Amino acid sequence: MADVEFIKSQLTAHPDFPKKGIVFLDIFPILRNPIAFETLITHFIHHITSHTIAAAPSKKIDVVVGLDARGFLLGPIIALRLGAAFVPVRKQGKLPGQCVSASYEKEYGTDSFEMQADAIKPGQTVIVVDDLIATGGSATAAGELIAKQGGKTLEYLFIIELMFLKGGSKLDAPVYSIVQSDD
Ligand SMILES: O=P(O)(O)OC[C@H]1O[C@H](OP(=O)(O)OP(=O)(O)O)[C@H](O)[C@@H]1O
Ligand SMILES: Nc1ncnc2[nH]cnc12
């Protein structure tokens with residue numbers, strides 16, 4: 001648990017950003033500190049190998065999906081360490097070629113997500129990685145895109161979970177978060 005407290009100690013809170021009434025939790029101080037960043041990635045990998053993969057029927061993860069934009073800072077590193085593919089979910093209009101799309105509402109607005117149509121093959125096992133879950137709108141949309149392609153989401157992983165918004169209850173697979181915030 002010392003690593004959890006260390007990771008938590010790096011986070012900063014910014015009241016009324018990007019809108020009045022939102023307390024924005026910033027993960028970038030973790031990335032500025034190489035020891036904290038390494039602790040974070042090692043923590044995720046330990047959880048994924050000892051719990052997620054151990055519980056998976058196929059005993060492997062084929063694809064790590066990262067959400068635009070802060071999920072891109074974590075997903076590729078985790079994918080490389082697992083020997084898995086990395087697939088981005090991007091905000092609408094950024095990906096070339098045929099895409100699947102899903103609209104969603106989040107804590108401070110609405111958006112649309114896309115994934116390249118051939119990015120996940122039917123039956124592949126997938127985990128979704130992002131910095132934070134608030135309402136769960138973003139993660140729900142990502143889960144829809146994975147399901148549309150026949151992928152099987154095993155777990156959603158976040159650094160931070162805003163417990164009071166109960167976003168995890170909307171998702172089609174279990175949530176793992178390192179830090180749980182009640183305010
Ligand atoms: O659970 P939700 O209510 O959907 O909110 C969580 C999402 O909101 C933030 O991203 P944001 O859309 O602000 O995009 P950014 O990473 O590009 O700043 C955060 O990084 C999550 O992706
Ligand atoms: N409170 C929050 N802090 C940081 N990112 C967010 N994304 C949605 N809500 C957020």
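In each ligand, atom 1 is the first atom listed, and ligand 1 is the first ligand listed. Quantities reported herein were computed from a predicted structural model and do not represent experimental measurements. The figures here come from the full heavy-atom set of this structure, side chains too, leaving out hydrogens, waters and symmetry mates.
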- Task: Among all protein heavy atoms, pick out the one at the shortest distance from atom 22 (O) of ligand 1; state its residue, atom name and that distance to 0.1 Å.
- Result: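 Sorting protein heavy atoms by distance from atom 22 (O) of ligand 1 puts Asp130 OD2, 2.5 Å first.
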
- Task: Decide whether the shortest distance between a heavy atom of Leu162 and an atom of ligand 2 is less than 4.0 Å.
- Result: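 A heavy atom of Leu162 does come that close to ligand 2.
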
- Where ligand 1 meets Leu132 - atom numbers and elements under 4.0 angstrom, heavy-atom basis: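 Those qualifying, in numeric order: 6 (C), 21 (C).
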
- Item | Proximity to ligand 2 by part of Arg70, non-hydrogen separation under 4.0 Å |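 Under 4.0 Å from ligand 2, Arg70 contributes side-chain atoms alone.
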
- Message: Applying side chain to side chain donor-acceptor pair (under 3.5 Å) to His47 and Glu155, what does each step give before you reach the verdict?
- Response: CA-CA 11 Å; His47 169 78; Glu155 191 169 50; 3.0 Å; yes

- I would like to know whether Asp62 and Thr125 meet side chain to side chain donor-acceptor pair (under 3.5 Å); could you show each step before the answer? CA-CA 5 Å; Asp62 298 312; Thr125 52; 3.2 Å; yes

- Query: Between Ser138 and ligand 1, is there a nitrogen or oxygen pair with a distance under 3.5 Å?
  - Reply: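 Yes.
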
- Report, in ascending order of atom number, the atoms of ligand 2 lying under 4.0 Å from any heavy atom of Val23.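 Contacts of ligand 2 toward Val23, numbered from 1: 1 (N), 2 (C), 3 (N).
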
- Would you call Lys170-Glu105 a salt bridge at under 4.0 Å N-O?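 Salt bridge flag = no for Glu105 with Lys170.
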
- Item | Ligand-residue contact atoms, ligand 1 with Ala69, heavy atoms, under 4.0 Å |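 The list of qualifying atoms is 15 (P), 16 (O), 17 (O).
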
- Task: Give the residue and atom name of whichever protein heavy atom lies nearest to atom 5 (O) of ligand 1, and the separation in Å to one decimal.
- Result: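 Ranking protein heavy atoms by distance from atom 5 (O) of ligand 1, first comes Ala134 CB, 3.7 Å.
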
- Query: So, Ser9 and Glu5: side-chain donor and acceptor under 3.5 Å apart, yes or no?
  - Reply: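 Looking only at side-chain atoms, Glu5 and Ser9 do not form any donor-acceptor pair under 3.5 Å.
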
- Taking N or O atoms only and a 3.5 Å limit, does Leu132 qualify as a polar contact for ligand 2?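 Among all N and O atoms of Leu132, none is under 3.5 Å from an N or O of ligand 2.
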
- Residue portion contacting ligand 1 (non-hydrogen atoms closer than 4.0 Å) for Thr135: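 Looking at Thr135 and ligand 1, atoms from backbone and side chain both fall under 4.0 Å.
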
- Message: For Asp68, is there an ion pair with Arg90 - N to carboxylate O distance below 4.0 angstrom?
- Response: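 So Arg90 pairs with Asp68 through a salt bridge.
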
- For atom 13 (O) of ligand 1, what is the nearest protein heavy atom, given as residue, atom name and distance?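 Among all protein heavy atoms, the one nearest atom 13 (O) of ligand 1 is Tyr108 OH, 2.5 Å.
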
- Is the Phe113 to Tyr104 ring centre distance short of 6.0 Å?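 Centroid distance Phe113-Tyr104: below 6.0 Å, so yes.
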
- Message: As a check for students: among Arg70, Lys170, Lys91, identify the option with a heavy atom nearest to atom 17 (O) of ligand 1.
- Response: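 It is Lys91 that holds the nearest heavy atom.
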
